Amino acid sequence: MNEHRIDMTYLSQEDLLRAGCFDLKMAMDAAEKAMLSFRRKEILFPEKIVQIFAEHAQERINCLPATLLPERVCGVKWVSVFPANPARHGKQNLSAVFILSEIDSGFPVAFMEGTLASNMRVGAMGGVAAKYLSREDSKVIGFIGAGEQAKMTLAAIKTARPTINECRVSAKTTEEEEQFGTEMQALYPDINFVQTNADGQAAVDGADILVTATSAQAPLLKAAWMKPGAFYNHVGGWEDEYAVAKQCAKIVCDDWETVKHRTQTISRMYKDGELADDDIYADLPDMVTGDKPGRETDDERTYFNAVGLSYIDVAIALSMYNKAKDASAGQILTLQEHMLFEHKNLKDWLRR
Ligand SMILES: NC(=O)c1ccc[n+]([C@@H]2O[C@H](COP(=O)([O-])OP(=O)(O)OC[C@H]3O[C@@H](n4cnc5c(N)ncnc54)[C@H](O)[C@@H]3O)[C@@H](O)[C@H]2O)c1
């Protein structure tokens, strides 16, 4: 074995799926562990780099790095968001890859398909929030929006609250509701799926857990539809009227300092002077550490909004890589066999 050879593992989405990495429990555990590490200041978490190619359409590619010091791993998510893809090309909006490097020699160890991990992170944060903020006996979950994030959020919340036995769904079109029902029924045969013919109220009114995961920028969710004791997971941008947050006893974010500079409903409320820093009860890591209690009474309404923390993405990708490695999944790619000037035939390759 050449001592200067560098190998890394390539993992496609199918490699990850076959190796058992579509595991929301594993993702939620990785997310909670990373939040604890973050609070212990064991995470390097620099600013993301954003490159926008079409301002009006918000077409962009983001580069999101983070280092997990205890695991000795530095990773980056390279993620593209092209919101017009579904309408324009019949293709998905979001696509991502991860690179993971060890930080003993600094060499890359994995190059992975990342849409799966990225979507699992969105779901997992909702699942962890549901664990702390929803009623333990939650049975009915209602969705406005039936896309990729909605599906993953259902998978995670069902993991956190296995008592869920009814899922109501509304989307812009009945076809999407049908697709959601068919795809998710195959995964969760114990859930009764109810389509609503694009009726948001029918989907969420009186549900124990409400989720909005839409591409709309409008106050779709009304406060009157959220019963006492309900937990609301807000996944998209602007999706609920201001009165929803105002009536909630606890508003929790993944990171309020990040959320408040975005364009989520509660960020808009903050900018409009309708919500102050003091109105935010906690960030999710505060509940994971136990510094702040989660739900305290059966009838309090709770609100969760996450915009994404790349250290959680990297932690979930790492847990998937470790599981895939244990299953000997993927392909070994050789980055180099020798250091450059060690190649015996370098003179034949040099262009003068
Ligand atoms: N919070 C996060 O960390 C995070 C991460 C990724 C994506 N997102 C956001 O989540 C949202 C959903 O993403 P996705 O990948 O599932 O998108 P998607 O395109 O797969 O699904 C969007 C859904 O919204 C529905 N919708 C749009 N307008 C609607 C309306 N007026 N009424 C009812 N339903 C409507 C569509 O019918 C569709 O079901 C987007 O806003 C995206 O930016 C958030």
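Being a predicted model, the structure only gives us computed values, none of them experimental. When a ligand or atom number is given, it counts from 1 through the structure's own listing order. Every heavy atom of this structure was used, including side-chain atoms; hydrogens, water molecules and symmetry mates were not.
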Pairs touching residues 106-132 that satisfy salt bridge (charged side-chain N to carboxylate O under 4.0 Å, His left out), sequence neighbours left out: Glu32-Lys131, Arg121-Asp313
Table of N or O contacts for ligand 1, cutoff 3.5 Å:
{"residue": "ligand 1", "atom": "1 (N)", "partner": "Val235", "partner atom": "O", "Å": "3.0"}
{"residue": "ligand 1", "atom": "1 (N)", "partner": "Ala306", "partner atom": "O", "Å": "2.8"}
{"residue": "ligand 1", "atom": "3 (O)", "partner": "Arg121", "partner atom": "NH1", "Å": "2.9"}
{"residue": "ligand 1", "atom": "15 (O)", "partner": "Gln149", "partner atom": "NE2", "Å": "3.4"}
{"residue": "ligand 1", "atom": "16 (O)", "partner": "Glu148", "partner atom": "N", "Å": "3.2"}
{"residue": "ligand 1", "atom": "16 (O)", "partner": "Gln149", "partner atom": "N", "Å": "2.9"}
{"residue": "ligand 1", "atom": "20 (O)", "partner": "Glu148", "partner atom": "N", "Å": "3.2"}
{"residue": "ligand 1", "atom": "24 (O)", "partner": "Ser215", "partner atom": "N", "Å": "3.3"}
{"residue": "ligand 1", "atom": "37 (O)", "partner": "Lys172", "partner atom": "N", "Å": "2.9"}
{"residue": "ligand 1", "atom": "37 (O)", "partner": "Glu176", "partner atom": "OE1", "Å": "2.6"}
{"residue": "ligand 1", "atom": "37 (O)", "partner": "Glu176", "partner atom": "OE2", "Å": "3.2"}
{"residue": "ligand 1", "atom": "39 (O)", "partner": "Ala146", "partner atom": "N", "Å": "2.8"}
{"residue": "ligand 1", "atom": "39 (O)", "partner": "Gly147", "partner atom": "N", "Å": "3.4"}
{"residue": "ligand 1", "atom": "39 (O)", "partner": "Glu176", "partner atom": "OE2", "Å": "2.9"}
{"residue": "ligand 1", "atom": "41 (O)", "partner": "Thr214", "partner atom": "O", "Å": "2.8"}

Is the cationic atom of Lys292 (NZ for Lys, CZ for Arg) positioned less than 6.0 Å from the six-membered ring centroid of Tyr281 and within 45 degrees of its normal?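 The answer is yes; both the distance and angle limits are met.
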Co-membership, hydrophobic cluster, residues Tyr311 and Tyr321, 4.5 Å side-chain: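 Yes, same cluster.
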Of Leu154, Asn93, Val235, which meets side-chain contact (heavy atoms from CB on, under 4.5 Å) against Gln149? Val235
Once salt bridge (Lys or Arg N to Asp or Glu O under 4.0 Å) is applied, do any residues pair with Glu102, and if so which ones, sequence neighbours excluded? none
Not counting sequence neighbours, which residues clear salt bridge (Lys or Arg N to Asp or Glu O under 4.0 Å) with Asp199? List them please. none
